[in-house]
Peer 1: 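Below you will find the structure I want to go over with you.
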Amino acid sequence: MGSGCACRLVCKSSDSRAMNFRTHNCAALRTEDIGKSATLSGWVSSRRDHGGVIFIDLRDREGLTQVVFRPEEYPAVAETAHLLRDEDVILVTGKVAKRLEGTENSKLATGAVEVVAEEMTVLNKADVLPFPLDEKIANEDLRLVHRYLDLRRPTMAANLRLRHRVIKTVRDVLDGEGFWEIETPILSKSTPEGARDFLVPSRLNPGTFYALPQAPQQYKQLLMAAGGEKYFQIARCFRDEDLRADRQPEFTQADIEMSFMTAEDIFALIEKMFVAVFCEAWGVEITTPFCRMTYREAMDRFGSDKPDTRYAQEIVDVGDVFAASEFKVFRGALDGGGVVRALNAKGLAKITTGQIEELTEMAKQFGAKGLAFIKCENGEWKSPIVKFFSEVEKAALQERLQIEEGDLILFGADKREVVCEVLGRVRLRVVEMLGIQHDPRRLDFLWVVDFPLLAWREEEQKWNAVHHPFTRPKAEDIALLEGEKFGEVRAEAYDIVLNGVEIGGGSVRIHEANLQAKMFSVLGVDEAKQAVMFGHLLKAFRFGTPPHGGIALGLDRLVMLLAHAESIRDVIAFPKNNRGVELMTASPSVVDFKQLRELYIASTKKS
RNA sequence: GGAGUCUUAGCUCAAUUGGUUAGAGCGCCGCCCUGUCACGGCGGAGGUUGCGGGUUCGAGCCCCGUAGACUCCGCCA
């Protein structure tokens, strides 16, 4: 932009009243401003009316300033100040004064000074609020209905500011690395794989529908085909599935794709980005490179593909200990090709019978037949199964699991996948029961790599993509794919995990038409369907699409962790509740028959 | 679709084994109060205990149903 650009000609203000709302914000004034005149605008955060002198905490987005009304100096203003109530919006002009000796408030940044009100205008009165803004409130419904009030609370405002700073940092880092921010369509095409789509009927094309994007996946790959080389987008994504504390039907991803890359390029880029983000958000310097672990190792050691490595408890294989055991349950599992593994819940021997039952129920829910355990209390092993163990087995267990007084040992004996899953879930619950408190600033970053490409889906009796259908198989495993050993093929896919929360995932993609077609056919998408659903992509791959890949970061979850928020809803301005309802505007809502008719839509709902 | 927890004043919560008129703090309203910052003092208003049914001499409490919220599983990157 040149120095003589036209924007200088635009008037500074169209306000004909020539009123100045502010000279300072409510966090700005300091002792060096004493004696100056100041004008502040904001909300009445609290009032302390002594009958004579009146104090008001005036709040704006930035902070608090105490305003004092003195009847002996400005009687008319003080008179009207008696009528002020919480959350009235006012404009105050007065002199910045040093607070009286001994009345400074060290809790406020502006606590050494106050503004002595000379003039005051009530810009808007407020009714009595439906809930207090100055304390933690449990009723989330009420907060969501009056979200504009909820967001006035300093913690919520801080969350919004943090979110802004994080997104700004992400943009700056990517811009610095030569990425272009490119928008992709919100009205896009429904595809068979993945989550349920939100649909939008097309008025101009009766009987047809757009889908809101689950992610800009195909568009970003086509941008690589288009020679974009380095793309990103702060992208809204939509998935019509059931919600959770960390899941909304619409959410935001930092969506990234680049050409001529390897996974290492993505790791380096994201690590650089997180260094900048954590510096901005917390002012800390995080250590890179992050740890890496294969999916297989994560499942074996932690029973999870997003292991929380802050906790020392790990799953230990004890199959060799019981190779010739008398205990039929363990022997049966081993003889059937399964495994026997154990988890030492250090210090949890004090567990109640009810809690043991809870763990057992949980184990059953995830496919185990039961949950064997040993409590080490008062120098003996209390357990329904220990009588089946030989002395050699006991000694080996003691050694392998480092068993000490007060420990609780939990066993899984079944197929490997079941044992991993069960002990992984049990591990997280056990950690909760132990009530381990860790440093809230602890950051365990982890790349989980070498995910399986495909997973057998029992309900549909078919193979599904673990990541998505465009993920590249590892070069050394392509023979396995050709040999139809689908369960053994590993993918060039990676997740980034922070403190047991998956905050992003990506992959190197397929860029060859024949390999992509092969992948579709394994997933049960026949050639005719491929042409209709993915013809554009397959065609693009025939016109010189470069090798490419990328990643998507879940921004809401990341900001949630940075804000130490308990729910993703606390870092989204206008979130939806458990049932996808936005309570403030009460959406979704019914629409006129006329609107439906224009869209050629009829509801089948029985009322 | 399934499981669990919860629902009492505007807000946060209490109410012994099923027992008299359902309480407290904050907020609100009124009066008083000239240095507070969770200001203080005095007084006051405010309840269909989510809703419907049942058991009982008697239900906020027990039982059945139902609605809503939240958490989790399934589902979902």
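Every chain is numbered from 1 and lettered A, B, ... according to where its sequence line falls, protein lines coming before strand lines. In this text, all values refer to a predicted model and were calculated from it rather than measured experimentally. Keep in mind that the numbers below use all heavy atoms, side chains included, and drop hydrogens, waters and symmetry copies.
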Peer 1: Suppose you measure atom C1' in B:rU49 against the same atom in B:rU21; what distance do you get, rounded to whole Å?
Peer 2: 15 Å

Peer 1: Would you mind building the protein contact string for nucleotides 69-77 of chain B? One character per nucleotide, 5' to 3', B for base within reach (heavy atoms under 4.0 Å), S for sugar-phosphate only, - for untouched.
Peer 2: SBBSBBBBB

Peer 1: Both distances below 3.5 Å, Watson-Crick or wobble geometry, any strand: find the nucleotide opposite B:rA3.
Peer 2: B:rU71

Peer 1: Roughly how many Å apart are B:rG18 and B:rC57, using the C1' atom of each and rounding to a whole number?
Peer 2: 12 Å

Peer 1: A:Asp150 has an atom CG; how far is it from atom C1' of B:rC11, in whole Å?
Peer 2: 13 Å

Peer 1: Can you tell me the pairing partner of B:rU16 across any strand shown, Watson-Crick or G-U wobble, with both distances under 3.5 angstrom?
Peer 2: none

Peer 1: Determine which nucleotide pairs with B:rA22, using a 3.5 Å limit on both distances of a Watson-Crick or G-U wobble pair.
Peer 2: none

Peer 1: Classify the nucleic acid contact of A:Asn139 as base, sugar-phosphate or nothing, counting any heavy atom under 4.0 Å across all strands shown.
Peer 2: sugar-phosphate

Peer 1: Give the nucleotide from the list B:rC37, B:rU34, B:rU36 with an atom nearest to the side chain of A:Asn105.
Peer 2: B:rC37

Peer 1: Between B:rG50 and B:rC11, how many Å separate the two P atoms, rounded to a whole number?
Peer 2: 13 Å

Peer 1: Counting just side-chain N and O atoms, does A:Arg48 come under 4.0 Å of either OP1 or OP2 of B:rU36?
Peer 2: no

Peer 1: Salt-bridge test for A:Lys306 and A:Asp495: reply yes if a basic N is under 4.0 Å from a carboxylate O, no otherwise.
Peer 2: no

Peer 1: Quick one: which residue pairs count as a ring-ring contact (aromatic ring centres under 6.0 Å, His included) with a foot in residues 67-105 of chain A, not counting sequence neighbours?
Peer 2: none

Peer 1: What integer number of Å spans the C1' atoms of B:rA9 and B:rG47?
Peer 2: 6 Å

Peer 1: Would you mind pulling out the nucleotide paired to B:rC42, Watson-Crick or G-U wobble, both distances under 3.5 Å?
Peer 2: B:rG30

Peer 1: Using atom C1' in both nucleotides, what's the gap between B:rA14 and B:rA24 to the nearest angstrom?
Peer 2: 7 Å

Peer 1: Report the distance from atom NE2 of A:His82 to atom P of B:rC31, rounded to the nearest whole Å.
Peer 2: 11 Å

Peer 1: Which value, in whole Å, describes the distance between the C1' atoms of nucleotides B:rC72 and B:rC64?
Peer 2: 26 Å

Peer 1: If you round to the nearest 0.5 Å, how far is CG of A:Leu58 from CE of A:Met120?
Peer 2: 10.5 Å

Peer 1: Tell me every residue that passes side-chain contact (heavy atoms from CB on, under 4.5 Å) with A:Lys189, counting only those two or more places apart in sequence or in another chain.
Peer 2: none

Peer 1: Calculate the interatomic distance between A:His50 atom NE2 and B:rC37 atom C1'; express it in whole Å.
Peer 2: 8 Å

Peer 1: Whole-Å distance between B:rG35 P and A:Asp49 CG?
Peer 2: 12 Å

Peer 1: Under the criterion salt bridge (Lys or Arg N to Asp or Glu O under 4.0 Å), I'd like the reasoning laid out for A:Asp556 against A:Arg163: C-alpha separation, chi angles, the key distance, then a yes or no.
Peer 2: CA-CA 8 Å; A:Asp556 310 276; A:Arg163 187 180 176 114; 3.0 Å; yes

Peer 1: Using a cut-off of strictly less than 4.0 Å, decide whether A:Lys107 has a side-chain nitrogen or oxygen near OP1 or OP2 of B:rA38.
Peer 2: yes

Peer 1: Please name the residue in the list A:Arg425, A:Lys364, A:Arg429 that meets the salt bridge (Lys or Arg N to Asp or Glu O under 4.0 Å) test with A:Glu358.
Peer 2: A:Arg429

Peer 1: With heavy atoms under 4.0 Å as the rule, sort A:Ile137 into base, sugar-phosphate or nothing.
Peer 2: sugar-phosphate

Peer 1: With A:Lys415, which residues qualify under side-chain hydrogen bond (donor to acceptor under 3.5 Å, both in side chains), at least two apart?
Peer 2: none

Peer 1: Taking a pair as Watson-Crick or G-U wobble with both distances under 3.5 Å, which nucleotide is matched to B:rG52?
Peer 2: B:rC64

Peer 1: Separation of A:Leu149 atom CG from B:rC11 atom P, in whole Å?
Peer 2: 13 Å

Peer 1: A quick test of your reading: do over 12 heavy atoms of other residues, nucleotides or ligands sit less than 6.0 Å from CD of A:Glu566?
Peer 2: no

Peer 1: Using atom C1' of each nucleotide, how far apart are B:rU8 and B:rG68 to the nearest Å?
Peer 2: 16 Å

Peer 1: Is the distance between the ring centroids of A:Tyr494 and A:Phe451 under 6.0 Å?
Peer 2: no

Peer 1: For residues A:Tyr231 and A:Phe179, establish whether the separation of their ring centroids is below 6.0 Å.
Peer 2: no

Peer 1: Taking CD from A:Glu101 and P from B:rU36, how many angstroms apart are they, rounded to a whole number?
Peer 2: 13 Å

Peer 1: Check the distance between B:rC37's P and A:Leu58's CG and give it to me in whole angstrom.
Peer 2: 19 Å

Peer 1: Considering non-hydrogen atoms only, spot the tightest contact between A:Arg472 and A:Arg509 and give its length.
Peer 2: NH1-O, 3.2 Å

Peer 1: Are any protein N/O atoms closer than 3.5 Å to N/O atoms in nucleotides 43-46 of chain B? If there are, list each pair with its distance.
Peer 2:
none

Peer 1: How far, in whole Å, is B:rG41 from B:rU34 if one measures between their C1' atoms?
Peer 2: 16 Å

Peer 1: Return the nucleotide paired to B:rU8: Watson-Crick means purine N1 to pyrimidine N3 with N6-O4 or O6-N4, wobble means G-U with N1-O2 and O6-N3, both under 3.5 Å.
Peer 2: none

Peer 1: Round to the nearest Å and state the distance from A:Ile56 atom CD1 to B:rC39 atom C1'.
Peer 2: 13 Å

Peer 1: Could you give me the CA-CA distance, side-chain angles and deciding distance for A:Glu458 and A:Gln461, then say whether side-chain hydrogen bond (donor to acceptor under 3.5 Å, both in side chains) is met?
Peer 2: CA-CA 5 Å; A:Glu458 204 59 43; A:Gln461 288 290 301; 3.0 Å; yes

Peer 1: Starting from the 5' end of RNA chain B, give me the residue, A:Gly102 or A:Leu142, whose nearest nucleotide shows up first.
Peer 2: A:Leu142

Peer 1: Check A:Arg239 with A:Glu250, please: is the shortest side-chain N to carboxylate O separation under 4.0 Å?
Peer 2: no

Peer 1: Collect all protein-nucleotide pairs involving nucleotides 24-28 of chain B in which both atoms are nitrogen or oxygen and the distance is under 3.5 Å.
Peer 2:
unit_1	atom_1	unit_2	atom_2	d
B:rC28	OP1	A:Arg47	NH2	3.4

Peer 1: Check the geometry between A:Phe131 and B:rC11 and answer yes if their rings are stacked (centres below 5.5 Å, planes below 30°), otherwise no.
Peer 2: no

Peer 1: Verify the distance criterion only: is there a donor paired with an acceptor across the side chains of A:Gln66 and A:Arg48 at less than 3.5 Å?
Peer 2: yes

